[in-house]
Amino acid sequence: MKVKVTWININPFVYDLRNMTRISEAEVPDEMSYGIIADFAREATPEGFRLRSIDIEGKVSQYDYNGNKIQ
């Protein structure tokens, strides 16, 4: 299954839009649980960014500033 993870820069004064978000896409095994995917996404968060969303084949989960799942 396809997974797309988006991180957003935690610095509110970033003016260069190219540095505002980072996106990574991966093909993972169908049996991989959401919890494992979320753990990998948190672990892979670039320095200075926070997890914004995880999109698994069109089902998007959003995260707040503290890393709590919104929906």
Side-chain angles (χ1 to χ4, degrees):
M1 79 180 123
K2 276 194 169 282
V3 176
K4 182 170 105 176
V5 177
T6 304
W7 299 276
I8 189 163
N9 199 309
I10 58 174
N11 182 344
F13 298 106
V14 173
Y15 295 111
D16 185 356
L17 294 178
R18 291 174 293 169
N19 291 324
M20 184 58 88
T21 61
R22 301 257 172 105
I23 298 172
S24 183
E25 295 184 13
E27 190 77 30
V28 299
D30 289 340
E31 63 273 0
M32 185 176 285
S33 72
Y34 181 84
I36 292 173
I37 293 169
D39 288 343
F40 280 138
R42 284 187 189 95
E43 185 178 317
T45 301
E47 187 173 334
F49 287 76
R50 68 171 178 84
L51 182 59
R52 181 178 186 187
S53 66
I54 298 175
D55 178 341
I56 301 175
E57 297 185 332
K59 184 179 179 210
V60 180
S61 298
Q62 300 285 334
Y63 290 81
D64 66 14
Y65 189 82
N66 297 314
N68 300 314
K69 189 174 174 183
I70 298 171
Q71 64 185 90

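If you're wondering where the values come from, they're calculated on a predicted model, not measured in any experiment.
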Please find the pair of heavy atoms, one from [X] and one from [Y], that lie closest to each other, and give the distance.
X: S61; Y: K69; result: OG-CE, 3.4 Å
X: E27; Y: K2; result: OE1-CG, 3.2 Å
X: Y34; Y: I54; result: OH-CD1, 3.7 Å

Would you list the atom pairs, donor with acceptor, under 3.5 Å between side chains in residues 3-10 and any protein atom, with sequence neighbours excluded?
residue, atom, partner, partner atom, Å
W7, NE1, A41, O, 3.3
W7, NE1, T45, OG1, 3.1
N9, OD1, N11, N, 2.9
N9, ND2, N19, O, 3.1

Sequence neighbours excluded, every pair satisfying salt bridge (charged side-chain N to carboxylate O under 4.0 Å, His left out) that has a member inside residues 6-22: D16-R18
Pairs where residues 33-42 contributes a residue and the test salt bridge (charged side-chain N to carboxylate O under 4.0 Å, His left out) is met, not counting sequence neighbours: D39-R42
Set of salt bridge (Lys or Arg N to Asp or Glu O under 4.0 Å) partners for [X], sequence neighbours left out:
X: R50; answer: none
X: D55; answer: none
X: D30; answer: none

Contacts of D64 that satisfy side chain to side chain contact (heavy atoms under 4.5 Å, CB included) - sequence neighbours left out: N66, N68, I70
Those residues that, when tested against I36, pass side chain to side chain contact (heavy atoms under 4.5 Å, CB included) (two or more places apart): M32, S33, F40
Residues that, via side-chain heavy atoms closer than 4.5 angstrom, fall in one hydrophobic cluster with I23: none
